[in-house]
Amino acid sequence: MIKPGEYIKDILAMKPGASINARGWVKTRRDSKGIHFLQVNDGSGFQDLQVVVEDGIVPEEILTRITTGACIKAVGDLIESPAAGQAVELRANEIILIGDADPTSYPLQKKGHSMEFLREIAHLRARSNTFGAVCRVRNALSDAIHRFFQGRGFLYIHTPLLTASDCEGAGAMFRVTTLPLNGAPPNDDSKGPDADSAEDFFGKPAYLTVSGQLEAECLALALGNVYTFGPTFRAENSNTPRHLAEFWMVEPEMAFCDLNDDMELAEEFLKFIIRYVRERREDDLQFFNKRIDSTILANLDNVCEAPFGRITYTEAIEWLQKADRAWEYPPFWGTDLQSEHERYLTEELFKKPIIVTDYPKEIKAFYMRLNDDGKTVRAMDVLVPRIGEIIGGSQREERYNELSSAMRLQGLDVESYSWYLDLRRYGTVPHAGFGLGLERMLMYLTGMKNIRDVIPFPRTPGSIEF
RNA sequence: UCCCCGUUAGCUCAACGGCAGAGCAUUCGGCUGUUAACCGAAGGGUUGGUAGUUCGAAUCUACCACGGGGAGCCA
């Protein structure tokens, strides 16, 4: 095992003269007369360690097998590099070939590959520059999320992945069952709803969760400030570069909190995690800025500096109607904002992230607090350039009568949500929360164009390889 | 799910009705403290699948599969 101080990122930070050994995978090998250069990476950072091997150090038979993809251990001295490209390099006294990689079949070349090709070799793509960087940024982002909430006294809670709530207003769900399927499609309810579910594992229909929000509300109304951070599942047949069937979501939920507090937290949160990742993964972000999207660093700085714009849904519609352009979907009050509308508002009108609030109740979920106008609810969406909606949140309806009538209005089975209504019956309090899609945030941070390339093993309709 | 575009060597692409091509990768040789090194040579193909049109199909048509972009749904 590689121990602290032995990572290649640590070795690269050492002064020349140290006696070290490094382990990792060979990215490239360049040969000169009597001397060989190996670029070795162990995943700890973007920069490779250059290992210099002079003739005679390694038997010819072994040396020819140290090719791109091979796993090696190099023992030697760290010296000042006489050539440009790196400050220090490892002059090898010994190379141990741990695992070779047949160069005639190893799919990764030192040259760049298309993202589509790398996706087909998802089991190996973490060894590529791009995907290694994605994994490190993803880790730093996860770390940042915990640090933000922990620093504010939030409790990290675990909400269930298996659930019986079948309609949380968040899209189609994956049915989970131990019953034989009898040839019928699993989501076919034509035999009547849940005909056999009494025989099923839980005695009722079960699903993979689409959100931990309702359970998080239960805990917020006992513990104050809480957050979940885990996988969620959507069975939507969405075939876009922005959707996954399995993705990770961060959902804080706060008691004694109204929509303004909620918005403030969301803005502070985004700024904090961007700064945190920038500080810790500058090397990887520089790579993304150079090779993937040359605008990301400037954009991220822009987000951290400027206060987010804030407008109501009604104002947004007015802006859109005033805009001098031909909309594919003409905006009018009562319809949801389309992609083209969101882009216009963030990329052209405000040129920065904006928070849109107070949407018509008809286009939002049942649990959002009704405004005094009786027409809009206390919802907020954070829209950012290039991605669109990155955070969606709301102040929750804390009043029993208003909530239960909203549920009936949206056709929910009030009986099966009695536990959720109980929160309003016993010690209710204004509370609010939001959800952030981890992969959407990663796309924003890295400039990666396809969400399938910011998660190691993406699940999308018709695709569950690896 | 809808609308467009694509599928040719390991990878990225060319050839657009008439002999299947290049760069990179690979193998071999040369040169050089190299930096996605450089120079030379060689090997590498059921042109995604099935049917059809044609004297002749990678090329045109239909259907299917897979991939990409846009839209919807959403995070």
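Everything numeric in this text was worked out from a predicted model, so none of it was measured. Numbered from 1 within each chain, the chains take letters A, B, ... in sequence-line order.
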Enquirer: Does B:C2 have its OP1 or OP2 closer than 4.0 Å to a side-chain nitrogen or oxygen of A:Asn237?
Expert: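 For A:Asn237, the contact criterion (side-chain N or O under 4.0 Å from OP1 or OP2 of B:C2) is not met.
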Enquirer: Output the rounded distance in Å from CD1 (A:Ile451) to P (B:G69).
Expert: 12 Å
Enquirer: Let's test this: given Watson-Crick or G-U wobble pairing with both distances under 3.5 Å, identify the partner of B:U35.
Expert: none
Enquirer: Distance check: side-chain N/O of A:Arg30 vs OP1/OP2 of B:A37, anything under 4.0 Å?
Expert: yes
Enquirer: Please report, rounded to the nearest Å, how far the C1' atom of B:A25 is from the CG atom of A:Leu124.
Expert: 16 Å
Enquirer: Could you tell me how far apart A:Tyr329 (OH) and B:C73 (P) are, to the nearest whole angstrom?
Expert: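 Taking atom P of B:C73 as the reference, OH of A:Tyr329 is at 8 Å.
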Enquirer: Calculate the interatomic distance between A:Arg125 atom CZ and B:C11 atom P; express it in whole Å.
Expert: 17 Å
Enquirer: Expressed as a whole number of Å, how far does the C1' atom of B:G18 sit from that of B:A57?
Expert: 10 Å
Enquirer: For atom P, what is the distance between B:C39 and B:U34, given to the nearest Å?
Expert: 15 Å
Enquirer: Determine whether any donor atom in the side chain of A:Glu340 lies under 3.5 Å from an acceptor atom in the base of B:G70, or the reverse, and answer yes or no.
Expert: no
Enquirer: Between B:G48 and B:U32, how many Å separate the two C1' atoms, rounded to a whole number?
Expert: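 Per the computed distance, 44 Å lies between those C1' atoms.
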Enquirer: Give none if B:G43 has no partner; otherwise give the nucleotide forming a Watson-Crick or G-U wobble pair with it, both distances under 3.5 Å.
Expert: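 By the stated definition (distances under 3.5 Å), nothing pairs with B:G43.
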Enquirer: Taking the six-membered ring for Trp, are A:Phe229 and A:His146 parallel (under 30°), tilted (30 to 60°) or perpendicular (over 60°)?
Expert: tilted
Enquirer: Any side-chain heavy atom of A:Val377 sitting closer than 4.5 Å to one from A:Asp358?
Expert: no
Enquirer: For the residue pair A:Phe37 and A:Val53, establish whether any side-chain heavy-atom pair is separated by less than 4.5 Å.
Expert: no
Enquirer: Using Watson-Crick or G-U wobble geometry with both distances under 3.5 Å, which nucleotide pairs with B:A71?
Expert: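 With both distances under 3.5 Å, B:A71 matches B:U1.
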Enquirer: Taking the C1' atom of each, how far is B:C63 from B:C28, in whole Å?
Expert: 47 Å
Enquirer: Students often get this wrong, so: under 4.0 angstrom with heavy atoms, is A:Ser114 touching a base, only sugar-phosphate, or nothing?
Expert: sugar-phosphate
Enquirer: Tell which nucleotide pairs with B:A57, taking only Watson-Crick or G-U wobble pairs whose two distances are both under 3.5 angstrom.
Expert: none
Enquirer: What nucleic acid atoms does A:Asn239 come within less than 4.0 Å of, heavy atoms only: base, sugar-phosphate, or nothing?
Expert: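 Contact class for A:Asn239: base.
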Enquirer: Rounded to whole Å, how long is the line connecting atom CD of A:Gln109 with atom C1' of B:A25?
Expert: 4 Å
Enquirer: To the side chain of A:Arg119, which of B:A71, B:G67, B:U34 is closest?
Expert: B:G67
Enquirer: Run A:His36 and A:Leu63 through side-chain contact (heavy atoms from CB on, under 4.5 Å) and show every step you take.
Expert: CA-CA 9 Å; A:His36 314 273; A:Leu63 187 65; 3.2 Å; yes
Enquirer: Below 4.0 angstrom from OP1 or OP2 of B:U27, is there any side-chain N or O of A:Thr104?
Expert: no
Enquirer: Checking all strands, does A:Ile390 fall into the base, sugar-phosphate, or nothing category for heavy-atom contacts under 4.0 angstrom?
Expert: sugar-phosphate
Enquirer: Among B:A37, B:C73, B:G33, which nucleotide sits nearest the side chain of A:Ala83?
Expert: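 The closest nucleotide is B:G33.
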Enquirer: Does B:A22 pair with anything, Watson-Crick or G-U wobble, both distances under 3.5 Å, and if so, with which nucleotide?
Expert: B:U12
Enquirer: By nearest atom, which of the nucleotides B:G69, B:G67, B:C74 is closest to the A:Arg234 side chain?
Expert: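 The answer is B:C74, which lies nearest to the side chain.
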Enquirer: When you measure only distances, ignoring hydrogens and angles, does the side chain of A:Asp31 come within 3.5 Å of the base of B:U34 through a donor and an acceptor?
Expert: no
Enquirer: At under 4.0 Å, does any side-chain N or O of A:Arg29 touch on OP1 or OP2 of B:U35?
Expert: no
Enquirer: Below 4.5 Å, heavy atoms only, C-beta onward: do A:Lys27 and A:Arg127 meet side chain to side chain?
Expert: no
Enquirer: Let me know the distance between CD of A:Glu342 and P of B:C73, rounded to the nearest Å.
Expert: 10 Å
Enquirer: Answer with base, sugar-phosphate or nothing: what part of the nucleic acid does A:Glu89 contact at a heavy-atom distance below 4.0 Å?
Expert: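 Base, at least one base heavy atom under 4.0 Å.
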Enquirer: Kindly say whether, by distance alone, the side chain of A:Ser238 makes a donor-acceptor pair under 3.5 Å with the base of B:C74?
Expert: no
Enquirer: Check the distance between B:G70's C1' and A:Glu328's CD and give it to me in whole angstrom.
Expert: 9 Å
Enquirer: Please tell me which of the listed nucleotides, B:G33, B:G69, B:G72, lies nearest to the side chain of A:Ile35?
Expert: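 In terms of side-chain proximity for A:Ile35, the closest of B:G33, B:G69, B:G72 is B:G33.
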Enquirer: Roughly, in whole Å, what's the span from NZ in A:Lys33 to C1' in B:C38?
Expert: 14 Å
Enquirer: Would you say the side chain of A:His243 and the base of B:C74 hold a donor-acceptor pair, judged only by whether the two atoms sit under 3.5 Å apart?
Expert: yes
Enquirer: On a whole-Å scale, what distance lies between the C1' atoms belonging to B:A42 and B:C55?
Expert: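 About 37 Å, rounded to a whole number of Å.
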Enquirer: Report the base-pairing partner of B:G6 (Watson-Crick or G-U wobble, both distances below 3.5 angstrom), or none.
Expert: B:C66
Enquirer: Within the 4.5 Å heavy-atom criterion, are A:Trp248 and A:Glu439 side-chain neighbours or not?
Expert: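 They are in contact (side-chain heavy atoms under 4.5 Å apart), so the answer is yes.
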Enquirer: Using atom C1' in both nucleotides, what's the gap between B:U47 and B:U7 to the nearest angstrom?
Expert: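 One C1' to the other, the span is 9 Å.
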Enquirer: Honestly, is A:Lys352 close enough over A:Phe350, meaning NZ or CZ under 6.0 Å from the six-membered ring centre and within 45° of the axis?
Expert: no
Enquirer: Touch check for A:Pro82, heavy atoms < 4.0 angstrom, all strands: base, sugar-phosphate only, or nothing?
Expert: base
Enquirer: Quick one: which of B:C73, B:G72, B:G33 gets closest to the side chain of A:Ser339?
Expert: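 Looking only at heavy atoms from C-beta outward on A:Ser339, the closest nucleotide is B:G72.
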Enquirer: Would you check if A:Tyr313 and A:Thr376 make a side-chain contact, meaning some heavy-atom pair closer than 4.5 Å?
Expert: no
Enquirer: Any base atoms under 4.0 Å from A:Phe117, or only sugar-phosphate, or nothing? Heavy atoms, all strands.
Expert: sugar-phosphate
Enquirer: So, is A:Gln338 close to the B:G72 phosphate, meaning a side-chain N or O under 4.0 Å from OP1 or OP2?
Expert: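 So the side chain of A:Gln338 is within the cut-off, an N or O lying under 4.0 Å from OP1 or OP2 of B:G72.
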